[in-house]
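For reference, the structure I am asking about is given below.
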Amino acid sequence: MEDFLLYREFLFHNFIVSIDTMKSYDHKKIDAYWQDKWQSDSLYKTSELPQGKKIYVLDMFPYPSGEGLHVGHPKGYIATDIYSRFKRMNGYDVLHPMGWDAFGLPAEQFALKHKIHPRIAVENNIANFKNQLSHIGLDYDWSREINTTDPTFYKWTQWIFTKLYEKGLAYESHKPINWCPSCKTGLANEDVNHDGTCERCDTKVEKKPIRQWVLKITDYADRMLTDLDTLEWPEGVKLAQKNWIGRSEGAEFDFSLTDVKDHTDGSMSVKVFTTRADTLFGATFIAISADTAREWFNAGWETIDGVKEYVIETLEEQNKENDYSVVPEKTGVYSGINAINPATGEKIPVWIANYVLGGVGTGAIMAVPAHDERDFEFAKKYNLPVKQVISPETGVVQTNPEFRKSIVAILWDKKQNKFLSINWGKNLGGNLFIGGGVDGDEDSIICATREIKEETGYTHIRYLSKTEVIHHNYFAHSKNVGRRIEAVGLLFELIDDTQEEVSLEENEKNKFTTEWLSKQEVESKIEDALHALVYTMLVKEEIYTGDGTLISSGEHDGITSDEARNRFVEKYSGKKVIKYKMEDWVFARQRYWGEPFPVVRDNNGKVYMVDESELPVLLPEVKSYEPTGTGESPLAAITDWVNVRGYITNKGTFKQSNDGEIFTRETNTMPQWAGSSWYYLRFADPHNDAALISPEIEKNWLPVDVYVGGDHATRHLIYARFWHKFLYDIRVVSTTEPFSRLEFLGFILAEDGRKMSKRLGNVINPDDVINEYGADTFRVYEMFMAPFDQTVAWSTTSIKGADKFIDRVYSLQKKISETSTVSNMLHKTIKKVGEDIEKFKFNTAISQMMILVNAMEEGSFTHEEYSTLVTLLAPFAPHMTEQIWNELGNTTSIHKVSWPLYDESLLVEDSTTISLQINGKLRGTFVVPFGSDDSTVLEEAKILESYKKYVGELKPKKVIIIKNRLINIVI
RNA sequence: GCCGGGGUGGCGGAAUGGUAGACGCGCACGACUCAAAAUCGUGUAUCGUAAGGUGUGUGGGUUCAAGUCCCACCCCCGGCACCA
């Protein structure tokens, strides 16, 4: 009641203004009034522990850039706001926090440009962001705000690093890494664009050997892969992670080398990695990368003429690599060395080839041109032998099959470039080539020649080529038996069209017709897997790269690819190996604005972690935080910070002491991804000095139930999963995954369809929009403009629709009456809005409410029904609905009201419109009572003019009636 | 090339195999107004005066009925890319 009186007083002072603006209500006053009131009432304060059902709704926390917010930024925040308000109204305790990801390069670059300290810049930017956000009416509990640059926060980032080190998951490396010459820092692979440029500044990234801290994320690759299945994430993201992790199961084999001149590395063998160990007998040459060749040179190898030049040239070429979209032409050179295939004992040449890459596998491959496209392309170019060792397998393998031998013959008319096909009709397999069974030991060419003559009469033909045996499995329905066919495919050329009388019986002849098909027709009409494969191999001259049965593999003929992969590793001294495309995480940056490593070294360079009791290691103030570009961080110049006296505790950690030895601090800083890899935990327990998070709080609030943000499929979402799993292993968290459900948001583009940027001058500032239309209109429009996950351009005209809607809902207040025409529509709306919010389908939820409002405007509705509408709209338009709620005489906040329930019985309408179809075409509609039985519907339909016109006295062949929907009469 | 996602009016977009284009913008006309804005009303896929025909990227198919299911292809967006 107090609120109500307060509001009356407020109206008295301000209402005149709103009449002037010709709007039903004055959003500026109302927005501010309620935002202040919610704030002073602590409406959104989250309790320390959830009392009942909990839900943790999280936005990807923003990077507080100097540019401020544009209208695209709040889209996700509005969605989580709606979702969390909805959940709160459904009786959940909601954790919905916000914070700042403020370390990292952009903040530092902004600071450098504007000549202010990054800490000050970050403070200003956060203040600006917070001010902009505050106008939107979001329900964050700001008492839980966190900031990754706050020492009380990064203390725990450092703590996690010391734990990673303890568990052997952090190590130093001098391997060449990605170096951005413009940002003057090392980068993780994840920070490098597809085209080899820096993700931040688009400068060409170089390889540079720098001492680096690296995290062993590859140790978690398998778990990260398998646990993907447990996540309610968009399939695309899961797939992207799967590809990024890039697990491949294979084997390594040693090929011993012969004819090596002065190769002093002593091993005299080359190690290859393959995922196709089953094709070992088909390895007809070895190909090594230019990198591997260089290593051999360094080890003292003297080679034949031209090889060294080729290697140098290739290395140069590969370092350029600007255009990633074009696969370069394969080149190579014979090295003069030969290798022994461990399976066949044969001597095969070793080539150096540009398509073999140094960083992949072992940098050397066994080339199997018969079963690998790249090897095949290379072998064709350099005339290297192709040896098929896998017999293709088509169809579905049958149990207890009948064995048969057969041929598939393709007759080619070169002049017309057409292929002879037999059309058996739809039910007998459609178009095939010529097929037939082999009699006993009959030669396949003779057999095929005979079949062609028998079935088509052509006799003047020339044999061209044939395949190895293909195994084809199918179920012969006519004989009710599974079959396994050993087929040979053959290609013949038609010399002339001399044709004999087809020797088959008349009734046999009538079963099929012969047709000449063009290439295009063949590809669309020949559906049979075996016949299509024969065509692919003989006409298109493609190789078979799938699994199958072994042939030409000595004693192993007849076993499957799977069996061979296991057997060959044992038999030929191979080793099973699992490789990942993902590499360990380069975790150091040579910049100022990041978390310092809690690491010191003694004068022998031995590394110690700073003792937990002395964390955080504070980022020191520094005069110049410009990058040095030497691979050293600016911190290295601060000698009285770098040099620190102390001692090593019996735990092996470092503690400061003025009379101790001198140690030197690590001067690299952590990458921006460090803080964001665990921040979501801290929101649940933001002020805990003693622990990263209290176990009780962790158990009650975590994991994040719904995580909303932009597409970070392969970086943030990989790193956070890795750290979370590690924290699970050291018992800091009790779940194996951090984010149960993930919802991506589509971006908002500028009205011109381009990205919003200051440079293009097309930025739309939410402050301006809110000023003109109010926060509620802004919120409703952003949610209504397109499906949530879809990118869409801003429209300064379309927003008027949302504005009108808000205004009309407010105006409806005047129409409250004692009667109702909308009860059915209202209950449908309650159902749909609830279901849609749950699924993040905000656009259709709003559209349903618009439909209801239209119906209310046309008909009549009660006070209670109006209250229900306002309640449904409350999560979307919190200010206006709170205002109405208050004006309706309620004394508590609408945001504490229970979500309305729908009445199943009221979802049903009294009557329903049936559409009349005649032969599937719409010919009219009519209304019948809901639930009318079929005969009633038919009788009603017969009354229609269109029924009389189209059906008349004709007898319908068939009448299909879909209850409450339609009647279709087939005549 | 491979893997995702998508292709529906002038625009953003709706459609459990069952009236395609809900809802909104825009546009046109009308009401109110001296006038405009705002607001309200009516109309708005397309061809046709009409009856009716045609329409969800293209071509086939399944079905009484296809935007929706199946096959082939084209185009757009995103990711990966000589990964052995």
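Here is how names work: the chains are called A, B, and so on, in the same order as the sequence lines, proteins then strands, and each is numbered from 1.
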Original post:
Now, which nucleotide makes the Watson-Crick or G-U wobble pair with B:C11, with each of the two distances under 3.5 Å?
Top reply: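 For B:C11, the partner nucleotide comes out as B:G24, under the 3.5 Å rule.
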**OP:** Check every strand shown and say whether A:V356 touches a base, only sugar-phosphate, or nothing at a heavy-atom separation below 4.0 Å.
**Re:**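 Base: the residue A:V356, judged by heavy atoms under 4.0 Å, touches a nucleobase.
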**OP:** Pick base, sugar-phosphate or nothing for A:S795, based on heavy-atom distances below 4.0 Å to the nucleic acid.
**Re:** nothing
**OP:** For nucleotides B:U33 and B:U39, find the distance between their C1' atoms and express it as a whole number of Å.
**Re:**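 Per the computed distance, 12 Å lies between those C1' atoms.
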**OP:** Please indicate whether A:K381 has more than 12 foreign heavy atoms, meaning atoms of other residues, nucleotides or ligands, lying under 6.0 Å from its NZ.
**Re:**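 More than 12 heavy atoms, drawn from other residues, nucleotides or ligands, come within 6.0 Å of this atom.
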Subject >> Whether A:Y382 and A:W351 hold their rings parallel, tilted or perpendicular, with breakpoints at 30° and 60° >> reply: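 Taking A:W351 first and then A:Y382, their aromatic rings sit tilted (interplane angle of 30° to 60°).
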Subject >> Whole-Å C1' distance, B:C69 and B:C64 >> reply: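 Roughly 16 Å separates the two C1' atoms.
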**OP:** Ignoring the backbone of A:L239, work out which of B:G26, B:A84, B:G4 is nearest its side chain.
**Re:**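 Out of B:G26, B:A84, B:G4, the nucleotide with an atom closest to A:L239's side chain is B:G4.
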Original post:
Base, backbone or nothing for each nucleotide of nucleotides 50-57 of chain B, written B, S, -, heavy atoms under 4.0 angstrom, 5' to 3'?
Top reply: -SSSS---
**OP:** Would you please test A:T912 and A:N964 for side chain to side chain donor-acceptor pair (under 3.5 Å) and show each step?
**Re:** CA-CA 6 Å; A:T912 181; A:N964 296 324; 5.0 Å; no
Original post:
Under a 90° cut-off about 0 for the syn range, is B:G6 syn or anti?
Top reply: anti
Subject >> Contacts of A:K841 that satisfy salt bridge (charged side-chain N to carboxylate O under 4.0 Å, His left out) - sequence neighbours left out >> reply: none
**OP:** Both distances under 3.5 Å, Watson-Crick or G-U wobble: report the partner of B:G78, or none.
**Re:**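 Its partner is B:C3.
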Subject >> B:C64 phosphate, OP1 or OP2, under 4.0 Å from A:K958 side-chain N/O >> reply: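 Yes.
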**OP:** Provide the Watson-Crick or G-U wobble partner of B:C69, both distances under 3.5 Å; none if there is no partner.
**Re:** B:G61
Subject >> Side-chain donor/acceptor of A:K581 to base of B:C80, under 3.5 Å >> reply: no
Original post:
Within the side chain of A:T791, is there an N or O that forms a donor-acceptor pair under 3.5 Å with the backbone of A:F747?
Top reply: yes
Subject >> Min side-chain heavy-atom separation A:I82-A:M783 under 4.5 Å >> reply: yes
Original post:
Are the aromatic rings of A:F568 and A:F253 close, with centres under 6.0 Å apart?
Top reply: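 They do not qualify: ring centres at least 6.0 Å apart.
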**OP:** May I ask you to say what A:P234 touches in the nucleic acid, namely base, sugar-phosphate or nothing, with a heavy-atom cut-off under 4.0 Å?
**Re:** nothing
**OP:** Assign A:K804 to base, sugar-phosphate, or nothing according to its heavy-atom contacts below 4.0 angstrom with the strands shown.
**Re:**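 Since only primed, P, OP1 and OP2 atoms lie under 4.0 Å of A:K804, the category is sugar-phosphate.
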Original post:
Hey, can you pull the residues of residues 850-857 of chain A with a non-hydrogen atom under 4.0 angstrom from RNA chain B?
Top reply: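 By residue number: A:M850, A:I851, A:N854.
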Subject >> side-chain N/O A:S248 vs B:A84 OP1/OP2, d < 4.0 Å >> reply: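 It does, given that an N or O in the side chain of A:S248 lies less than 4.0 Å from OP1 or OP2 of B:A84.
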For nucleotides 15-21 of chain B, list the nitrogen or oxygen atoms of the protein found under 3.5 Å from its nitrogen or oxygen atoms, one pair per line.
from  : atom 1 : to     : atom 2 : distance (Å)
B:U16 : O4     : A:R965 : NE     : 2.9
B:U16 : O4     : A:R965 : NH2    : 3.2
B:U19 : O4'    : A:S915 : OG     : 3.4

Subject >> P-based separation of B:G10 from B:G6 [nearest Å] >> reply: 23 Å
Original post:
Taking only residues two or more places apart in sequence or in another chain, which ones pass side-chain hydrogen bond (donor to acceptor under 3.5 Å, both in side chains) with A:D562?
Top reply: A:R565
Original post:
Can you name the side-chain hydrogen bond (donor to acceptor under 3.5 Å, both in side chains) partners of A:Y580, sequence neighbours left out?
Top reply: A:D222
Original post:
Starting at the 5' end of RNA chain B, which residue's closest nucleotide do you reach first, A:E329 or A:G236?
Top reply: A:G236
Original post:
Of all the nucleotides listed (B:C82, B:C80, B:C23), which has the minimum atom distance to the side chain of A:F784?
Top reply: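 The closest nucleotide is B:C23.
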Original post:
So which one's nearest nucleotide on RNA chain B is more toward 5', A:V792 or A:E858?
Top reply: A:V792
Subject >> More than 12 heavy atoms from other groups under 6.0 Å of NZ on A:K387 >> reply: yes
Subject >> Residue A:R808, side-chain atoms from C-beta onward, closest of B:A84, B:G24, B:A14 >> reply: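 Nearest listed nucleotide: B:G24.
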Original post:
Between A:F778 and A:W794, how do the two ring planes meet: parallel, tilted or perpendicular, split at 30° and 60°?
Top reply: tilted
Original post:
In Watson-Crick or G-U wobble terms, both distances under 3.5 Å, what is the partner of B:U54?
Top reply: B:A45
**OP:** Find the partner of B:G17: check Watson-Crick (N1-N3 plus N6-O4 or O6-N4) and G-U wobble (N1-O2, O6-N3) distances, both under 3.5 Å, and reply none if neither fits.
**Re:**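 B:G17 is paired with nothing.
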Original post:
Considering only B:C80, B:A22, B:G79, which nucleotide approaches the side chain of A:A240 most closely?
Top reply: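 Nearest nucleotide to the side chain: B:G79.
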**OP:** Could you tell me whether the phosphate oxygens of B:C64, OP1 or OP2, come under 4.0 Å of any side-chain nitrogen or oxygen in A:N919?
**Re:**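 False: A:N919 side-chain N/O out of range (4.0 Å or more) of B:C64 OP1/OP2.
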Original post:
Do any side-chain nitrogens or oxygens of A:K242 fall under 4.0 Å of OP1 or OP2 in B:C3?
Top reply: no
Original post:
Can a salt bridge be assigned to the pair A:K963 and A:D934 using a cut-off of 4.0 Å between side-chain N and carboxylate O?
Top reply: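 Answer for the salt bridge query: no.
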**OP:** State whether A:F378 and A:K330 meet the cation-pi test: NZ (Lys) or CZ (Arg) under 6.0 Å from the six-membered ring centroid, and within 45° of the perpendicular axis.
**Re:** no
**OP:** Identify whether NZ of Lys or CZ of Arg in A:K75 sits under 6.0 Å from the centre of the six-membered ring of A:F788 and within 45° of that ring's axis.
**Re:** yes
Original post:
When you compare B:G48 with B:U63, how far apart are their C1' atoms, in angstrom units rounded to a whole number?
Top reply: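 After rounding to an integer number of Å, I get 31 Å for this pair.
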Subject >> Whole-angstrom distance between B:U54 and B:G67, as gauged at atom C1' >> reply: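 Pairwise C1' distance, B:U54 against B:G67, rounds to 16 Å.
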